[in-house]
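First comes the structure, then the notes that go with it.
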Amino acid sequence: MKNWTLFLAAAYWLSACTSPGPAKDQQSDSTAMRKKLGPSPVLDATTAISHMQVEKGLEVQLVASEPLITTPVAMTFDDKGRMWVVEMMGYMPDTVGTGEDVPNGKVVILEDTTHDGVADTRKVLLDSLILPRAICLVPGGFLLAEPPKLWFVPVKNDVAGKRVLVDDKYTEGGNVEHQPNGLLRAMDNWIYNAKSDKRYRQINGKWVKQDTHFRGQWGISQDNFGRLYTNNNSENVLGDYFPPGLGARNPNQKTVAGYDEKIVPDNRVYPIHPTPGVNRGYMKGILDDSLRLVEMTAACSPLVYRGGLLGKNYNNNIFVAEPCGNLVKRNIILDSGYIVKGRQAYQKKEFLASDDERFRPVSLYDAPDGALYIVDMYRGIIQHKTYLTPYLKGEIKSRQLTNPLNCGRIYRVVPAGAKMKPMPLDNNPDKLFALLENPNGWIRDKAQQMIIDHHYTQLIPQLKERLHQEGNTYGAIHALWTLEGLGALQYNEIDFLLHQKNPYLQAAAIAALPSVRSNAATATLTSLENNVFLAPYIALVLPYLPNSGDLQTQLMTRYANDRYVADAIINNNGGKETELLHQLVKINPDTTLAMRRHLEAIIKDIEIHRKAKITDALVKQYPKGAKIFANVCQTCHGKDGEGIKSLAPPLNQSQLVTGDKKRLISIVLYGLTGPVDVNGKHYKAPEISADMPGIGSNDEFNDQDIAALLSFIRNCWSNQAAKVTEKDIQEVRKKYKGRQKPFTMEELN
């Protein structure tokens, strides 16, 4: 339940800072040190670079800064090497968010016309936006995320046309720190998001939305095999072992093994200066004795570096931004079979760190020139008002962090002394085909997209021939997905790859099977089911195979205790879990099998869900409570009240919700820290966040609002409990007057 409110689009990052009240011993020891810090000075962009420490042999270069760019939160590159940047100008102008709904966001194009490596022209493509957060170039224009809507914006000759609504429910509920973002155009030709379980693609001229796995909080990236990586504000790197388009068929299954796995469990950070300006900086353990952040509290934008320019030691490393610590972390990733794990590259140091508190790296990108690009919002406040603690409000005031609001920088990390210039791609079919082999992953991705977008069908014979050639595995995988994007992939190509000895080519071929479908596929995969590496992939595509019942039985017989295969089979049998359990028991009655344990848990959850619902009458009775729940609570606890992995435990049938209402009021007003027991289960980090923020100091909600929220929750789903009154809230406030720090379960009990 740690404050993972980091989401702003730049704010999310700071979210980690969220719970109230200093321990007196720590407070007295650190007060003098805090006073010595004084105001945080505003540095010009060139001076700011001199305050950064970066890995030896590399340097940070300035690409753009104010007044050319203001409050950037996301960007992308086009085939000319230009940057399309999203500016979120309305985010938190002050500690109460005054003017947050003003339509002053923009999409701008930055270009380096003098080829000296620094952007020198700015073109406003679209303005009058409210808190925009993500952009993706697509044929004829771009997709733009402006919650709650997703737009297609046509563009001709750098002039934006009338916006077309793609999805009016791109976001459903959530506040500015907890809404979808990313819009990653992935290798499988679908567009994926963080903080979302939806993906998008244009098919026959129409935009299609499909269910996928819920992933991450802010930022999303892919590796050279098309696997996706995300994180949340308190966890370094999360990611998928298997193709992103598979394994999301069963709504009864909360988690599917192999998806949203912990890739790098080490969350320690090493700032190079005191960082007291975090939301929970008064709490023991958040800062060390020198007032430096100890663990991630605003981690965001995990990036698989695929550029090649920095050197082979950096290839496929995953970099993570941490704006609370004013740093960028480097993680080394190890691929063993289909299991992906990683570790921090350094101990007690970072890849890049600054002693400038206003350095707020919020997004990281690969680029056509091979460099690592960093979007720096450069401002003092990035914690959203919903969870802003009195402690942080005091830091902001005493250290003059509110203004200015018109800054923003884009940097790149390159080998020391490198002379950089734009790297345009030649829109020539044969040259684009050759670029599918390029060592720079960004260029490979873009070449694939351009071939598909321009419908270069004349390349189909070459692409098919490429699959039959030995050499670059990455090039072959891109050729496969380029054929898929052109609608030209046939089973012959899939079958050829399935019979290769390269397991990554085999896995890619299986992932592409849903686009082809063939009666012959079932027989081929049956002959491969004894391959432990391929078994989970085979299990994941069973729904797309004709007459696959016997193959499913073989997989259950051989792999019922393999959690990846077990979950894949369960995922394919939504609504048939009981029948599947009976089949499993006949095959193997062992009660300890992973598949049996998972099935029994799901069947129990289904029964609970049948009784759990939010009625229209309840929403009508507590409209303000329902609204606050949707905007603040459901982003961690789930719309169904069943909790969300790595974030928060269930509210449905929780004794903390339906029990003593004064205990519940105390938690919601002041927050809760540490492990918690719910429904007989012990929850602790990292299964859930370590802390839940309180909202008692939020001026947005009065006591009547909070009473409505708690009454609503206490009667949602299967809950039935007495309502909470405004007087109840006031009594708890009176009892704990002056309190800021969150409660522990020991205190509450």
Pairing donors with acceptors under 3.5 angstrom, does anything connect the side chains of Q344 and K329? yes
Residues N331 and N317: side-chain donor-acceptor under 3.5 angstrom: no
Can you find a heavy atom in the side chain of [X] that is under 4.5 Å from one in the side chain of [Y]?
X	Y	result
L62	V118	no
E59	V413	no
I130	V102	no
L709	K624	no
V85	P72	yes
T402	I396	yes
V320	V328	no

Compare every heavy atom of [Y] with every heavy atom of [X], then report the nearest pair and how far apart it is.
X	Y	answer
V107	L144	CG2-CD1, 3.8 Å
V414	A371	CG1-CB, 3.6 Å
G219	A194	O-CB, 3.5 Å

Using side-chain hydrogen bond (donor to acceptor under 3.5 Å, both in side chains) as the criterion, list what pairs up with [X], not counting sequence neighbours.
X	value
Q634	none
E146	W151, R163
N406	none
Y411	none

Quick check: does any side chain N or O of [X] sit under 3.5 Å from a backbone N or O of [Y], one acting as donor and the other as acceptor?
X	Y	value
N232	G216	no
W218	N233	no
D120	T113	yes
D728	V732	no
R412	Y373	no
S398	G394	yes

Can you name the ring pair (Phe, Tyr, Trp, His ring centres under 6.0 Å) partners of [X], sequence neighbours left out?
X	result
Y170	none
Y270	none
F319	F351

Centroid-centroid distance, F77 to Y365, less than 6.0 Å: no
When the ring centroid of F743 is compared with that of Y736, is the distance short of 6.0 Å? yes
With side chain to side chain contact (heavy atoms under 4.5 Å, CB included) as the test, would you mind laying out the steps for L110 and I410 before giving the verdict? CA-CA 11 Å; L110 303 185; I410 298 173; 4.2 Å; yes
Which residues pass the salt bridge (Lys or Arg N to Asp or Glu O under 4.0 Å) test with [X], sequence neighbours left out?
X	result
R268	D266
D703	R733
R82	D78, D158
K393	none

Please report the C-alpha distance between S354 and D356 in whole Å, then the side-chain angles of each, then the deciding distance to 0.1 Å, and finally whether the side chain to side chain donor-acceptor pair (under 3.5 Å) criterion is met. CA-CA 5 Å; S354 172; D356 178 5; 5.0 Å; no
I would like to know whether L131 and Y91 meet side chain to side chain contact (heavy atoms under 4.5 Å, CB included); could you show each step before the answer? CA-CA 7 Å; L131 301 176; Y91 180 74; 4.1 Å; yes
Yes or no on side chain to side chain donor-acceptor pair (under 3.5 Å) for R358 and Y378, after CA distance, side-chain angles and deciding distance? CA-CA 5 Å; R358 296 172 187 267; Y378 202 81; 5.1 Å; no
Please determine whether the number of non-hydrogen atoms from other residues, nucleotides or ligands lying under 6.0 Å from atom NZ of K397 exceeds 12. no
One thing to verify: whether R122 and E111 come together as a salt bridge, which I'm taking to mean a side-chain N less than 4.0 angstrom from a carboxylate O. no
Salt-bridge criterion met for K149 and D168 (N-O under 4.0 Å): no
Is the F629 ring parallel, tilted or perpendicular to the F712 ring (thresholds 30°, 60°)? tilted
Under the side chain to side chain contact (heavy atoms under 4.5 Å, CB included) test, residues paired with T71 that sit two or more places apart: E87, M89, M377, R379
Can Y346 and R330 be said to form a side chain to side chain donor-acceptor pair (under 3.5 Å), step by step? CA-CA 8 Å; Y346 318 105; R330 174 187 170 205; 2.9 Å; yes
